[in-house]
Amino acid sequence: MTMRRDPSTHTTKHIFITGGVVSSLGKGITAASIALLLKRRGYRVALQKLDPYLNVDPGTMSPYQHGEVYVTEDGAETDLDLGHYERFAGVECSRASNFTSGRIYSAVLARERRGDYLGKTVQVIPHITDEIKAAVRLFDRPDVDIAITEIGGTVGDIESLPFLEAIRQYRNELAPGEALFIHLTLVPYIRAAGELKTKPSQQSVGILREIGIIPDALVCRCERRLETEHFEKLALFCNVRRELVFEEPDVAHTIYEVPLELADQDLDKYILELLDLHVADLKMDDWRDLVRRIIQPGRGAVRIAVVGKYITLRDAYKSIYEALMHGAAANDVRLDLLPLDSEAFETADGEAGAALAGCAGVLVPGGFGTRGVEGKITAIRHAREQGIPFLGICLGMQCAAVEFARHVCGFPLAASTEVAPQTPDPVVALMDEQRNVTGLGGTMRLGTWPCRLAAGSHAAEAYGTTDIQERHRHRYEINPAYVDVFRRHGLQAAGTSPDGRLVEMLELPAHPWFVACQFHPEFKSRPLAAHPLFRDFIQAAVNRRDARAAGQP
Ligand code: GLN
């Protein structure tokens with residue numbers, strides 16, 4: 001039965017974004033850009049991603065499979081597109097913002113085992129599709145004007161069918177003007193023919209139509225700009241109004257150009273008209289200024305090394321690279337990012353020095369397992385001894401503790417028990433809460449935890465306060481038994497849990513800028529509000545660059 005809402009009550013409008021032709025078109029960035037524009041027009045926007053794969057969440061997946069795992073305030077391990085949502089649109093995501101087929105199926109199967117279906121046959125339609133619709137409906141809330149739901153995967157995949165069927169039904173249950181479909185597609189340039197081709201988009205829209213979805217608008221990713229004939233052809237063959245065909249060409253410098261590109265075509269204005277919503281003015285001056293600072297900064301470039309084990313993957317350290325970019329923009333410098341493979345540091349002494357020569361800052365990111373750890377330790381030693389600004393994150397902080405214990409405190413066999421369970425000096429170890437955990441999914445210390453900073457520390461100076469909240473994703477902790485010996489040798493617990501039990505930050509007060517944190521500050525950095533630690537890390541790196549240029553050591 002179709003349920004029409006009482007028009008006097010608040011209505012959340014829905015935008016569903018599908019993707020066609022190929023994956024990796026940047027649906028997340030497009031969804032996030034649209035959200036930013038609608039928010040700037042004065043609407044309260046929520047974003048959600050539905051992922052067709054069967055893992056319950058991406059928390060257990062390798063970065064090779066999935067890129068970074070983005071952690072929300074409420075501790076959900078989610079798709080990295082949620083990072084784009086939070087960064088572009090400043091919309092806080094939560095567990096409700098990311099559902100996978102695995103999560104949907106687990107809920108239905110748990111209900112079936114409990115007997116909640118009262119003897120019925122449990123089926124994809126209606127039971128799985130109802131569960132998907134319930135996930136979308138989580139955003140039908142008085143505090144949400146427009147909910148944007150991105151369907152992961154590519155139209156035509158077997159596994160995305162239940163999601164497409166669910167959104168088809170969802171829209172059917174709404175009054176006209178309450179929902180719309182946007183299809184992101186590819187218009188490839190065929191070099192040999194010297195032409196842009198619209199056929200793949202026509203076919204992808206054809207598949208959507210077969211399952212009952214008629215897109216209201218097309219956003220066309222393209223290497224070259226579309227001509228009038230392409231817009232007209234796409235409109236005709238895809239059954240979309242001419243003015244609702246948009247182009248999204250590859251951006252030259254930064255993904256933060258995408259919202260400006262879409263705004264220049266009034267995409268958000270057309271969306272609001274389709275949704276019967278008032279179109280207020282759009283102000284993007286600060287955003288344009290941000291893009292200018294990224295493209296043409298006033299203070300030159302600063303080279304930052306990121307020493308990790310997934311450096312060949314652009315997506316594995318996504319939020320870290322973005323946060324570095326925000327920190328650089330805040331300092332009006334260009335980020336010259338140098339990703340370095342930590343395993344390469346394990347081959348010979350002295351290599352760290354050569355690889356890091358010319359770097360004004362070294363960042364060691366998070367990670368799991370043994371591979372690459374010794375190389376990270378070598379790189380950190382170099383940064384510590386040479387006075388190079390250093391930011392260690394999660395495993396990066398744990399490695400900094402091991403390095404300091406080995407080379408300064410005189411514990412040559414110090415290690416994390418994650419790497420060496422039998423070490424005589426477990427400077428990083430499991431706390432009681434984690435000792436008996438057996439399952440891997442969703443069992444780490446996750447999400448937001450409070451932290452108290454030591455007054456006068458670099459961290460307190462960066463944040464401008466001593467009480468902070470940051471997001472975590474780890475099992476191991478600095479072993480509190482070593483905090484005293486660290487302090488005596490010059491490594492300070494600059495941040496702890498409010499009860500003082502857990503070490504959340506380490507710093508070397510005698511070093512120009514050596515700061516490490518157990519949490520992941522990168523998740524909270526925003527383009528127009530760089531995270532304080534990233535901002536000050538880049539600032540320290542610029543200071544080092546300038547001092548070196550002036551001939552100081
Ligand atoms: N492997 C470490 C732990 O579980 C660090 C995790 C991380 O860097 N995110 O504690």
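Predicted model only: the values in this text are computed from it and were never measured. Remember, it's 1-based here, ligands and their atoms both numbered in the order they're listed.
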J.: Without hydrogens or angle criteria, can the side chains of T30 and E248 be said to hold a donor-acceptor pair below 3.5 Å?
T.: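 Per modelled atom types, T30 and E248 side chains form a pair under 3.5 Å.
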J.: Looking only at distances, can you tell me whether any N or O atom of G366, backbone or side chain, sits closer than 3.5 Å to an N or O atom of ligand 1?
T.: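 No, G366 has no N/O under 3.5 Å of an N/O on ligand 1.
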J.: Please determine, by modelled atom types, if T443 and R475 share a side-chain donor-acceptor pair under 3.5 angstrom.
T.: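 Result is yes, a qualifying pair exists.
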J.: Side chains of S319 and E68: donor-acceptor distance under 3.5 Å anywhere?
T.: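 Indeed, the side chains of S319 and E68 share at least one donor-acceptor pair under 3.5 Å.
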J.: Please list the nearest protein heavy atom to atom 4 (O) of ligand 1 with its residue and the distance rounded to 0.1 Å.
T.: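 Its nearest protein heavy-atom neighbour is R475 N, 2.9 Å.
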J.: Nearest to atom 1 (N) of ligand 1, what protein heavy atom do you find, and at what distance?
T.: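 Here the closest protein heavy atom is E418 OE1, 2.7 Å.
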J.: Taking distance alone, with N or O pairs closer than 3.5 Å, would you say F368 contacts ligand 1?
T.: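 In fact, backbone or side chain, F368 has no N or O that close.
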J.: Distance alone, cut at 3.5 Å: any donor-acceptor contact between the side chains of Y476 and Q518?
T.: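 No.
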J.: What is the closest protein heavy atom to atom 5 (C) of ligand 1, and at what distance does it sit?
T.: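 Checking every protein heavy atom, the shortest distance to atom 5 (C) of ligand 1 gives G367 O, 3.3 Å.
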J.: Check contact between Q398 and ligand 1, using heavy atoms of the residue and a distance below 4.0 angstrom.
T.: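 So Q398 counts as touching ligand 1.
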J.: Does any N or O atom in H474 lie less than 3.5 angstrom from one in ligand 1, N or O only?
T.: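 No.
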J.: Centroid-to-centroid, H382 to F345, below 6.0 Å?
T.: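 No, the ring centres sit 6.0 Å or more apart.
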J.: Could you check if a side-chain atom of H520 sits within less than 4.5 angstrom of a side-chain atom of E470, using non-hydrogen atoms only?
T.: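 A side-chain contact under 4.5 Å is absent here.
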J.: For ligand 1, which atoms, with element, lie under 4.0 Å from some heavy atom of Y476?
T.: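 So the atoms of ligand 1 that pass are 3 (C), 4 (O), 10 (O).
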J.: Please list the nearest protein heavy atom to atom 7 (C) of ligand 1 with its residue and the distance rounded to 0.1 Å.
T.: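 Ranked first by proximity to atom 7 (C) of ligand 1 is C394 SG, 2.9 Å.
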J.: Are any of the heavy atoms in E477 under 4.0 Å away from ligand 1?
T.: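 No; E477 lies far enough from ligand 1 that no heavy-atom distance drops under 4.0 Å.
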J.: Quiz question: by atom type and distance under 3.5 Å, do the side chains of H326 and Y256 form a donor-acceptor pair?
T.: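 Distance-only check passes for H326 and Y256.
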J.: With a sphere of 6.0 Å drawn around CZ of R114, does it hold more than 12 non-hydrogen atoms of other residues, nucleotides or ligands?
T.: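 Yes, because the 6.0 Å sphere around CZ of R114 holds more than 12 heavy atoms from other groups.
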J.: Check each atom of ligand 1 against the heavy atoms of H520 and keep those under 4.0 Å away; list them by number with element.
T.: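 Here the atoms of ligand 1 in question are 9 (N).
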J.: Provide, to 0.1 Å, the distance between atom 9 (N) of ligand 1 and the closest protein heavy atom, together with that atom's residue and name.
T.: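 Protein heavy atom at minimum distance: R473 O, 2.9 Å.
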